[in-house]
J.: 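My questions all concern the structure below.
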Amino acid sequence: MTLDTVFEGATVFDGTGAAPYTADVGVREGLIHEIGTVRAAATERIDARGAWLTPGFVDLHTHYDGQASWDQTFSPSIHHGVTTVLFGNCGVGFAPLGGGPRERAIDNLISLMEGVEDIPGAVLAEGVSFDWQSFPEYLDALERRPHSLDFLVQVPHDPLRMAVMGERALERQPATAEDIQAMRVLLREALEAGAAGFSTGRTDNHRTTRGLPTPAAEANAAELIGLASAFEGLKHGVVQLVSDFNLLEGPEGFSAEFDLVETLARHSGRPLSMTWMQRDPGAEQWRAIRARTEAAVAQGLPLWLQTSSRGIGVILGLDTSFHPLMGFPGYLEVAALPLAARAAALRDPARKARILGERSGRLAGDGSAIPPIVDLMLARIELIAGRMFPLTTARADGSLAVDYEPSVAQSLLAVARRRGCSALEAIYDHLASGSGDQLIHFPIFNYNDGSLDVVREMLQHPRALYGLSDAGAHVGTICDASTTTYLMTRWGHPIADGGLGIERVIEMLTRRNARHMGLNDRGEIALGLRADLNLIDASRLDTGAPQIVRDLPAGGRRLLQKGEGYLGTWVAGQAVARHGEVTSARPGRLVRLSADSSRSRSR
């Protein structure tokens, strides 16, 4: 018997959290066939001595709902060790479509996704095929396309509501009993077709391009209970939720919202994960979420907390979706110029003096997808600049290094004080320098104290799940698909040195997330399991630096970040990436969950 691939002498991290060991690993027909000393003949033998061999990573929180139509590779996740992605998060997506005028239904979904997830409408209009009506048809359409990685899809609340209620959903009217029953039927149909679960979004930060809250943001208990009942009798599927927990309404508003979370978990009977981060304002809310979660788990509710590996925020630059100068009249006069010419125009002393003497126009409000928090922050720019940092610094070899945990002394506020100028002027000069491609790292959440200590505390919690990469979304403001790589580089060192230990980190990236989804066929290096694998040179492991590229449909731009140190990534035994380059192999499949969760259906 000839094996397909043998990894020789690898340092094996098996995904269970156990200490690594050295072994050969043999792969045949997409599965792990031998572990130990493997002497059988093989089509390819890879010298893996000194390299880590890990299970492929499972990313629970992506937004490839549209990109799956035009991108076979799920970039940038494929560059960061991910072999299985889950999308349909936060209650937004592209199916089902409503029964009214088709173009109107499509335009409404594009407006929703463009506003909430910062994916340009022109990109979505050109790139998303919309060759479906129902959610099962959406799954079928994606399944027909070749892909590099495996993927699962949840049913998002907003399109579900829009399909049933039409314009009433956009007006956020309460659902009637008939509406709720119709949504339940559609959700059940999707779950029986293999959908991975149900997601809902309840945050004021999510807006359509018209500046309106998302359709399901204020769905009441009756609606959530009705939808949760769609899981009745099923033994597969998860629930995902994002909420700001009525942040501005105080303790009573928080308690009422968390009561709804518990109601949704109780009536669905399925694992429910929610976004967990330190907000600003509301720096202590994450502790209240932890306390309520622990109490609910003690009562038997299956609640989980999705957290990131670093600060959550935005990247600011003249060519990104948002930057602090975009509301100034003097900037708007040159905003349409090519990037280098725009930067040169901004360096004109007269224009600079005029802009710095102007007042920024309001960016949020009716007709704008920008959330109100942006205007609040711009009004406090002289203080907020203490959390704005140059994104990259140059290494000795000329390559760029990214520091996701900079000190306040590195902030643009500190730069301004050293120069004796305003913070806005320091920001202005940074953005206008050179060819205009300088970027600013602005961690809004998880960085209130100027460190990642809160993130460490979150990641250590037993109900924590690695998540919140938002891969495929916010393409003009972040590239947090790299948080898988950062989880290893920042938190993989020993506990005594302030880390979590690399064994635990890899377990979070692999087995823990796979089991949360009911995927028992992956997430570990064990006999008979899928050969979803990463081979990593730990000495070179790095997130890489984000760069702006224009490779989206309709010439759209995005931030792309390619991880370094990945010698290869394999999906079902086939190499989908080697040494940072994507191969032509397309073994990825739609994973349809079913009652037999030990072997999900991947056709």
Side-chain angles (χ1 to χ4, degrees), residues 4-5 7 10-17 20 25-33 35 46 48 51-62 64 72-87 147-152 196 465-467 469 471 481-485 487-488 492 502-503 505-538 541 562-563 565-580 582-583 585-591 599-600 602:
D4 298 321
T5 307
F7 298 89
T11 301
V12 178
F13 290 87
D14 66 7
T16 67
V25 176
V27 173
R28 183 171 182 266
E29 296 181 350
L31 302 178
I32 296 170
H33 197 267
I35 302 174
I46 296 173
W52 295 353
L53 188 67
T54 77
F57 305 152
V58 179
D59 191 341
L60 298 178
H61 198 116
T62 78
Y64 287 119
Q72 299 180 0
T73 70
F74 293 111
S75 166
S77 293
I78 194 171
H79 298 294
H80 292 277
V82 174
T83 55
T84 303
V85 297
L86 171 67
F87 48 94
H147 290 98
S148 297
L149 312 182
D150 271 16
F151 60 99
L152 303 92
L465 298 171
Y466 159 75
S469 83
S482 64
T483 52
T484 55
T485 303
L487 189 61
M488 291 185 288
I502 190 61
E503 298 88 351
V505 163
I506 291 174
E507 184 266 339
M508 292 187 74
L509 289 168
T510 58
R511 186 184 190 277
R512 190 180 306 190
N513 280 0
R515 298 301 175 268
H516 174 75
M517 291 304 304
L519 299 174
N520 296 319
D521 62 345
R522 66 196 70 198
E524 292 182 42
I525 296 178
L527 294 177
L529 296 192
R530 283 173 56 95
D532 293 351
L533 302 165
N534 285 311
L535 190 64
I536 299 171
D537 179 352
L541 191 61
K562 294 186 177 182
Y566 291 92
L567 303 177
T569 296
W570 286 258
V571 172
Q574 297 186 47
V576 296
R578 289 182 188 263
H579 302 286
V582 177
T583 72
R586 298 291 183 266
R589 298 291 183 269
L590 166 68
V591 180
R599 286 292 182 270
S600 51
S602 181

J.: Could you tell me the separation between the CD1 atom of Ile46 and the CG atom of Leu535, rounded to the nearest 0.5 Å?
T.: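 If we round to the nearest 0.5 Å, Ile46:CD1 and Leu535:CG are 6.5 Å apart.
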
J.: Is any side-chain heavy atom of Thr484 closer than 4.5 Å to a side-chain heavy atom of Ser469?
T.: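 No - every pair of side-chain heavy atoms lies 4.5 Å or more apart.
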
J.: Sequence neighbours excluded, which residues qualify as side-chain contact (heavy atoms from CB on, under 4.5 Å) partners of Thr84?
T.: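 Residues passing side-chain contact (heavy atoms from CB on, under 4.5 Å) with Thr84: Val58, Asp150, Leu152, Leu519, Arg522, Asp532.
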
J.: Is there a donor in the side chain of Thr485 and an acceptor in the side chain of His80, or the other way round, less than 3.5 Å apart?
T.: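 Short answer, yes.
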
J.: Quickly, which of Val82, Leu149, Thr483 forms a side-chain contact (heavy atoms from CB on, under 4.5 Å) with Asp59? Name it, please.
T.: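 Going through the options one by one, the only one that passes is Val82.
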
J.: Could you go step by step and tell me if Thr73 and Arg586 meet the side chain to side chain contact (heavy atoms under 4.5 Å, CB included) rule?
T.: CA-CA 8 Å; Thr73 70; Arg586 298 291 183 266; 3.7 Å; yes

J.: Report the residues that fulfil ring-ring contact (aromatic ring centres under 6.0 Å, His included) with Phe57, sequence neighbours left out, ordered by chain and then residue number.
T.: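 Phe57: no ring-ring contact (aromatic ring centres under 6.0 Å, His included) contacts found.
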
J.: Could you walk me through whether Trp52 and Ile502 satisfy the side chain to side chain contact (heavy atoms under 4.5 Å, CB included) test, starting with their C-alpha distance in whole Å, then the side-chain angles of each, then the deciding distance to 0.1 Å, before giving a yes or no?
T.: CA-CA 11 Å; Trp52 295 353; Ile502 190 61; 3.6 Å; yes

J.: Work out which heavy atom in Arg511 is nearest to a heavy atom in Thr16; give both atom names and the distance.
T.: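 Closest heavy-atom pair between Arg511 and Thr16: CD-CA, 4.1 Å.
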
J.: Can you tell me how far the CG atom of Asp14 sits from the CD atom of Glu503, to the nearest 0.5 Å?
T.: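 Atom-to-atom, Asp14:CG and Glu503:CD are 10.0 Å apart.
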
J.: Search all heavy atoms of Ala514 against all heavy atoms of Gly523 and return the closest pair with its distance.
T.: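 Of all heavy-atom pairs spanning Ala514 and Gly523, the closest is CB-CA, 4.2 Å.
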
J.: So, do Val571 and Arg530 sit near enough that their side-chain heavy atoms are less than 4.5 Å apart?
T.: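 Yes, close enough: below the 4.5 Å cut-off.
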
J.: Describe, in one word, how the ring planes of Phe151 and Phe74 are oriented to each other, choosing from parallel (under 30°), tilted (30 to 60°) and perpendicular (over 60°).
T.: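 Because their plane-to-plane angle lies in the 30° to 60° range, the rings of Phe151 and Phe74 count as tilted.
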
J.: Quick one: CG on Leu529 to CG on Leu31, what's the gap to the nearest 0.5 Å?
T.: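 One gets 8.0 Å once the value is rounded to the nearest 0.5 Å.
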
J.: Say you draw a straight line from OG1 of Thr54 to CD of Glu507; how long is it, rounded to the nearest 0.5 Å?
T.: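 Rounded to the nearest 0.5 Å, the OG1-CD separation comes to 13.0 Å.
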
J.: Nearest 0.5 angstrom please: Arg515 CZ to Thr510 OG1, how far?
T.: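 OG1 of Thr510 is found 8.5 Å from CZ of Arg515.
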
J.: Hey, does Trp570 have a side-chain heavy atom less than 4.5 Å from the side chain of Val27?
T.: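 Side-chain contact under 4.5 Å: no.
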
J.: Apply side chain to side chain contact (heavy atoms under 4.5 Å, CB included) to the pair Leu541 and Tyr566, showing each step before the final yes or no.
T.: CA-CA 7 Å; Leu541 191 61; Tyr566 291 92; 4.0 Å; yes

J.: Is any side-chain heavy atom of Pro55 closer than 4.5 Å to a side-chain heavy atom of Ile506?
T.: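 The answer is yes, as the side chains (C-beta and beyond) meet within the 4.5 Å cut-off.
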
J.: By the definition side-chain contact (heavy atoms from CB on, under 4.5 Å), identify the one residue from Asn534, Leu533, Val582, Ile536 that meets it with Thr569.
T.: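 With Thr569 as partner, side-chain contact (heavy atoms from CB on, under 4.5 Å) holds for just one option, Asn534.
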
J.: So which heavy atom on Ile32 is nearest to which on Val25, and how close?
T.: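 Looks like CG2-CG1, 4.0 Å.
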
J.: Any idea which heavy atoms bring Pro587 and Gln574 closest together, and the distance?
T.: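 Heavy atoms of Pro587 and Gln574 come nearest at CB-NE2, 3.7 Å.
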
J.: Identify the heavy atoms of Glu29 and Asp4 that sit nearest to each other, and give their distance.
T.: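 Heavy atoms of Glu29 and Asp4 come nearest at N-OD2, 2.7 Å.
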
J.: So how far is it from Leu567 CG to Arg578 CZ, rounded to the nearest 0.5 Å?
T.: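 It is 10.5 Å, given to the nearest 0.5 Å.
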
J.: For the residue pair Ala526 and Ile35, what are the closest heavy atoms and their distance?
T.: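 So the minimum-distance heavy-atom pair works out to CA-CD1, 4.0 Å.
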
